Trainee: 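Submitted below is the structure of interest, expressed as structure tokens.
Keep in mind it's a predicted model, so treat the numbers as computed, not measured. Within every chain, numbering begins at 1; the chains are lettered A, B, ... in the order of the sequence lines, protein sequences first and strands thereafter.
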Protein chains: 12
Amino acid sequence: MKNRILIVNGPNLNLLGYREPSIYGTDTLESINNYISEEAKLLGIECDFFQSNCEGAIIDEIHRVRLSHKGIIINPAAYTHYSYAIRDAISAVMIPCIEVHLSNVHAREEFRSKSVIAPVCKGQIAGFGKYGYILALKGLSEMM
Amino acid sequence: MKNRILIVNGPNLNLLGYREPSIYGTDTLESINNYISEEAKLLGIECDFFQSNCEGAIIDEIHRVRLSHKGIIINPAAYTHYSYAIRDAISAVMIPCIEVHLSNVHAREEFRSKSVIAPVCKGQIAGFGKYGYILALKGLSEMM
Amino acid sequence: MKNRILIVNGPNLNLLGYREPSIYGTDTLESINNYISEEAKLLGIECDFFQSNCEGAIIDEIHRVRLSHKGIIINPAAYTHYSYAIRDAISAVMIPCIEVHLSNVHAREEFRSKSVIAPVCKGQIAGFGKYGYILALKGLSEMM
Amino acid sequence: MKNRILIVNGPNLNLLGYREPSIYGTDTLESINNYISEEAKLLGIECDFFQSNCEGAIIDEIHRVRLSHKGIIINPAAYTHYSYAIRDAISAVMIPCIEVHLSNVHAREEFRSKSVIAPVCKGQIAGFGKYGYILALKGLSEMM
Amino acid sequence: MKNRILIVNGPNLNLLGYREPSIYGTDTLESINNYISEEAKLLGIECDFFQSNCEGAIIDEIHRVRLSHKGIIINPAAYTHYSYAIRDAISAVMIPCIEVHLSNVHAREEFRSKSVIAPVCKGQIAGFGKYGYILALKGLSEMM
Amino acid sequence: MKNRILIVNGPNLNLLGYREPSIYGTDTLESINNYISEEAKLLGIECDFFQSNCEGAIIDEIHRVRLSHKGIIINPAAYTHYSYAIRDAISAVMIPCIEVHLSNVHAREEFRSKSVIAPVCKGQIAGFGKYGYILALKGLSEMM
Amino acid sequence: MKNRILIVNGPNLNLLGYREPSIYGTDTLESINNYISEEAKLLGIECDFFQSNCEGAIIDEIHRVRLSHKGIIINPAAYTHYSYAIRDAISAVMIPCIEVHLSNVHAREEFRSKSVIAPVCKGQIAGFGKYGYILALKGLSEMM
Amino acid sequence: MKNRILIVNGPNLNLLGYREPSIYGTDTLESINNYISEEAKLLGIECDFFQSNCEGAIIDEIHRVRLSHKGIIINPAAYTHYSYAIRDAISAVMIPCIEVHLSNVHAREEFRSKSVIAPVCKGQIAGFGKYGYILALKGLSEMM
Amino acid sequence: MKNRILIVNGPNLNLLGYREPSIYGTDTLESINNYISEEAKLLGIECDFFQSNCEGAIIDEIHRVRLSHKGIIINPAAYTHYSYAIRDAISAVMIPCIEVHLSNVHAREEFRSKSVIAPVCKGQIAGFGKYGYILALKGLSEMM
Amino acid sequence: MKNRILIVNGPNLNLLGYREPSIYGTDTLESINNYISEEAKLLGIECDFFQSNCEGAIIDEIHRVRLSHKGIIINPAAYTHYSYAIRDAISAVMIPCIEVHLSNVHAREEFRSKSVIAPVCKGQIAGFGKYGYILALKGLSEMM
Amino acid sequence: MKNRILIVNGPNLNLLGYREPSIYGTDTLESINNYISEEAKLLGIECDFFQSNCEGAIIDEIHRVRLSHKGIIINPAAYTHYSYAIRDAISAVMIPCIEVHLSNVHAREEFRSKSVIAPVCKGQIAGFGKYGYILALKGLSEMM
Amino acid sequence: MKNRILIVNGPNLNLLGYREPSIYGTDTLESINNYISEEAKLLGIECDFFQSNCEGAIIDEIHRVRLSHKGIIINPAAYTHYSYAIRDAISAVMIPCIEVHLSNVHAREEFRSKSVIAPVCKGQIAGFGKYGYILALKGLSEMM
């Protein structure tokens, strides 16, 4: 299939739905992934999903898809603020990448408003909850 | 009509299409607005458009729609980095607001990565060119 | 009349009374101005009132009264934190000026505790709500 | 008597009137206190006065009045800029407190524009000379 | 005429001649403009003059001349230090621009030595009083 | 068993006893763990031990115990100073956590006095060598 | 008796139990001291207690015990953040000292996470309420 | 064999030769390793090679060789700038270590000129491409 | 007697001679004062000595001598770095003052090189041990 | 002759014309000096020229002309950014001085926008190439 | 001869061998230069040596060789940290340059880790003692 | 003679007596040196004097006396604030050195209160005019 995209979720996002549901909602990561998959099909895109709490594993995965996929959507979670290694990985594979955050990181603690990864992405989307992934998908689709 | 949205463009965006077309493309602000209008209709949303180079005029306009509109999409351009006055205006009218940037501001000069307005918005979208407005429209629509 | 004073209110203060009344109270700017006018009469002072969201218009007004008025009371709102232009205007007209803030700006966000305008004022009063204008009036009256 | 207020003056203010009279005027602290007392009577307020050069003694005094007085007016002088201990004392006794400065501290040396005490006060008044205490008295009276 | 140049003066410069004449001299902005005009004629240049206290109006004017004029001389006054919007305007119109200051801003308050506009100008001239405009004119003429 | 606690040791702590024994003593991590286990039994607490040099593995382990354990004692070693990811993990599982350091980190290199993890812990203990784990155990026991 | 320890409490801690009991609990400093005394007896330690709001008095007391006591436990309260004088006193008497804080200072205002005293202490304990003093006692006992 | 050395390559270096060959050359990591091996033989040194994108795995490997090898050459790539954990690992094993970078990191982005690892190394070599490893080898050989 | 001078020693200097004699020598403060007294007699100067650990007491003493003494020599010890209150006291009494430090404060911890008191003194002398007081005496004598 | 002026060129400017001619043009320093001399004659000014790469030699030369010349034009090149010694020399001789830069230093590396010399000059001119010296000459002539 | 290289040593390096031999070894600069010369011959390179304590003389020498030499190796010693003038000299002559330091500057005082010269060099080598020059020689040879 | 001392004066001090006599007095450097010489004889010390505006020459001179002299008194003037090269020279010769300033540098511009040289000196004296050299002489004599 021509249009394959990798969707990467960083540390602690595997707890979505189990963690403070009054704040983060009751959607699990699995249900969010299903939701994304269906929306993607309508756009003629096939999605692969990857979540890890390990910085190195995320880098390995980004490398793995460098010839097979057309785009990456990444929510680097806490790694957003210091992982120059993930930054370099995205920069190395030369696939267009979109950074997504569930919450509006600019309205939270000071350290969350600084991204070391955004400068090597095509765009950044923050504050739309799970719908942010759909927006990234549409944005990426528009670019391809 | 129930769903009216205000789309605000800040200083120098009136020159779109006339200014460094090799970088910013040949779309004028007018043609981008028409493009947004048509997409909006499909979502059942009516858009009003406002552009000004004057900080005070932008604040006046935000105040003007505080009872009549359901959302604001704003590209504050250079005011992004220092207009606490526009920040307070958005905060005061209590209408959900999305901040949009045409380019990936995180990959440009240092001063462009700091937004004093984002903390009072619902979300931020950067790096998708004119399609960023459509993404903001969809995101706002999803929230309503 | 000998003692005329200009009372300037900066951006977003026109929304007083309509905006988050649980926080800012139900007094509109108009009712506050009436309240000030009456107190002023008791002190033999005539007040002119000016509100604008536009930095340039505020500067124009400060210039306009430079020969006709004996004092200025200004609540620069968000312009407090960056308008070196209003600072220079106050400095240029050489009329005594008092800076007033409704809330205790020192107890809010970090950026609100820095005033670029206070260094050219005679005094600063913060945290007394609308009564702060009366205190400024009394202070200015004492100086004259 | 219902309305008792404590007026605290910090380090070096005992020298008022003896020190650089061309700058600070010829009023001694005692004469200023008498002046405040008389103004206070007109407002139905009884004032106690306290001056010390010792940070610890000021804290002791603030504690002492925590059940007997309805407000505090404090000119912390140099302690303004570093006494987190006085800050905590004010915060602990839960009596409304107003910070007063004789001169416009915002127009003097850089270090004088930072107050570690203001964030726990109800308001701050600066630049009106001895009349600033009267303004604080009126402001406190209005709050009670 | 081939060589038309726009000369922009920013906030508070309309008070020249009326404000602290012992410091700024007795020349009004009008007389300075006449002086510039005459010098310009000798160089075969026609000057248009524009002054405003409003940031937005200055931007509008810079846009207005982008096809008709060959150069801009700007004294942004207080906007020098924070108007990224004027900076973007100058950058957008792609006409050579010279920044002028009447006084040597490097020898005044700390904040006055930082210009956010200078990086997009061809040159900066400070400290020559009204003659600085003539120097800018000659410099611009040499470039053309 | 009701009271199970996880004890996490971060990078390089597996070398305890083998590394610079004149400084760190001759206790290995295993012997320290045995020592903790015995003390814990006296308090009716069962301890699980986990050490890893991998940030992601530490996060996985913290997630794993979120329903089964009543507390976490963590010595994040070098991750103390930059792992926002471990911080988010502790914050997400909502189990009380105590941060422990063998040495007095405040008396070493500047960078060691900043902890990005402490703000989401219940308490911090530093400088007591291996006995610090026992103190943390007692403190946690007191809280439960 | 061989093992005497001094327990020092800094400014505003004399108000414990009377001040915001919903936050700080209903224990007075006296009842906390009794609680510590009894725990200390079990460890064969005799405690002396000292509280003062005066920086100088705290230094005097630390000097007074330099030959008679085997350890110091200090809660410097607000002096934690700026009293280099108390730091030098602890450093001069060469008795092991433990710094204790009732709350987790790392999770409160920014300025509370910086201690100028910790670098000369043997250890620091924060976040365990009154039980923190017991932990310090045990830690000090272990060191002796 | 007496002289064994470990050569560690950090994140993204596994892509050498496949990534932007116009910049980084067409040498793969494998061919570089072969080149190093041959040069090493001439110096009587045997090299082991290790590459990982995972911070923890790099630390594990450094620990593993602490008794068997006489030196370490490390190109920490992006971990150079924040991995205090790798720094502590190098410091703990007490084997001389040389930091190598292919490019002149001091001439690239600001963040790349700061190394948290260099302070515990014997030396740093940057800017010689693959030949930098040979220089490090010779330097290490000279030290042994 | 015409020439009386006050010699003030700040916190912890009362321990001189008893504290780390290998570093600070075996001279007590009393013996240093006797030594100063005798040197002073040769210069026709009478010295009064004052030591306190209390910031407020030092300020009181400085005030006390403002009409009776011709100079002050002060070793503010740790108060050097933050006591704006002592600074204001020296500034208020208008007697020439010399700041003395036993050790070379510029060669110790970073915080010790900043003096908030020196700007209001006539001179500063550091690094000569007890002889520094004699140098200050001679310097003051020369000025008188 | 009455009007003699010294023109000082700092380090590396002796290479003008030989160094990157595509950027700096083909004019040598000698030809620029001739060009300046001729323009100066028209203004009735005689110029002396001095170039040195040595900070001390530049200071010596500035001293040498302090009684014989009426003005100095200096291009301090790299010394602009750190030579407080040249600054003090200019300040000491009390001759009006103009700082000139060939390129627009404000548009180059960050460090080039800071001048420690400009605060003691009458004016600064940057960005006009060799013509900048003529502008300075005219400006200085206007002042005289 | 085709391959001539200049080796520059900055301030205080003339004292090598005479200064703290227990730290810096007993090699004089002369013996180091002989050592370098011999190694260079093996590589077919002829070296010229230059040492000066004078910033200007170093710049003169760099200029002198700009047409005759193929490379520069420089140990700028203390000038490393502030000599923008030497930086510009290196940049101007367009010969490849390597920066060498005897010790690992990154492991010493904070100010020694910042080089203003490195950004214009091809590479930087630190921490190998005199052998660092040989490494630089080889690196340079490889580049030629 | 056993006790020879070098007295070094840095840039611009050769102008003493000729420059702003109302501020710096009418003493020339020569007359000050004579005054020092005579005082020195009384202490059995022979002084050599050296003044230069050139940083390198000052370093050469410091090196020259490293075996022949017993002490150095240096007034580095503007080099105080940035000459790490002079700092290293003083550190290398291992002769006790005293830093002297004529004025109280702590009360002048911000940059003048930072000395990069003081950390390697035995002491610092500032604010006593020419008498400061005598104080330094006495201090050095006391040390020898």
Side-chain angles (χ1 to χ4, degrees), chain I residues 25 27 32 35-36 39 42-43 71-76 80-81 84 86-87 90-91 96-144, chain L residues 25 27 32 35-36 39 42-43 71-76 80-81 84 86-87 90-91 96-144:
Chain I
D27 290 315
I32 290 176
Y35 165 67
I36 296 170
E39 289 283 337
L42 304 178
L43 297 163
I72 296 174
I73 293 172
I74 187 166
N75 180 341
T80 303
H81 316 306
Y84 288 106
I86 292 177
R87 173 200 178 113
I90 290 167
S91 180
C97 181
I98 309 296
E99 185 181 315
V100 171
H101 297 283
L102 293 167
S103 63
N104 180 2
V105 287
H106 303 285
R108 296 175 64 192
E109 299 100 320
E110 178 68 18
F111 72 83
R112 294 202 197 270
S113 71
K114 185 197 159 202
S115 170
V116 302
I117 289 173
V120 298
C121 291
K122 288 294 177 196
Q124 190 195 45
I125 291 173
F128 296 92
K130 69 179 174 182
Y131 193 69
Y133 293 98
I134 307 304
L135 293 177
L137 212 55
K138 288 174 194 273
L140 211 46
S141 170
E142 187 78 9
M143 282 177 183
M144 293 188 314
Chain L
D27 291 314
I32 290 175
Y35 166 65
I36 296 171
E39 287 283 335
L42 303 178
L43 296 163
I72 296 172
I73 293 171
I74 187 166
N75 180 342
T80 303
H81 316 306
Y84 287 106
I86 292 178
R87 171 200 178 114
I90 291 169
S91 180
C97 182
I98 309 295
E99 183 181 316
V100 172
H101 296 284
L102 294 167
S103 64
N104 180 5
V105 287
H106 304 284
R108 297 176 61 192
E109 299 100 320
E110 179 67 17
F111 72 83
R112 294 204 197 268
S113 70
K114 185 194 158 202
S115 170
V116 304
I117 290 172
V120 300
C121 292
K122 291 293 178 197
Q124 190 195 45
I125 291 173
F128 297 91
K130 70 179 173 180
Y131 193 70
Y133 293 99
I134 307 305
L135 293 178
L137 211 55
K138 289 175 193 271
L140 211 46
S141 171
E142 186 77 9
M143 283 178 183
M144 293 189 314

Trainee: Count the heavy-atom pairs under 4.5 Å between each of C121(L), A126(L), G127(L) and chain I, then report the option with the highest count.
Mentor: A126(L)
Trainee: Report the distance from atom CD1 of I117(I) to atom NE2 of H106(L), rounding to the nearest 0.5 Å.
Mentor: 12.0 Å
Trainee: Tell me whether E110(L) at atom CD has more than 12 heavy atoms from other residues, nucleotides or ligands lying less than 6.0 Å away.
Mentor: no
Trainee: From L135(L) CG over to I134(I) CD1, what is the distance, rounded to the nearest 0.5 angstrom?
Mentor: 11.5 Å
Trainee: Can you tell me if N104(I) uses its side chain to pair, donor with acceptor, with the backbone of Q124(L) under 3.5 Å?
Mentor: no
Trainee: I'd like to know which of V120(I), V105(I), I98(I) tops the heavy-atom pair count under 4.5 Å against chain L.
Mentor: I98(I)
Trainee: Decide yes or no for F128(I) and L140(L): does some side-chain heavy atom of the first lie under 4.5 Å from some side-chain heavy atom of the second?
Mentor: no
Trainee: Which one wins on heavy-atom pair count under 4.5 Å against chain I: A136(L), S103(L), A107(L)?
Mentor: A107(L)
Trainee: When only pairs under 4.5 Å are counted, which of H101(L), R108(L), K114(L), E142(L) shares the most heavy-atom pairs with chain I?
Mentor: E142(L)
Trainee: Between Y131(I) and M143(L), is there a side-chain heavy-atom distance shorter than 4.5 Å?
Mentor: no
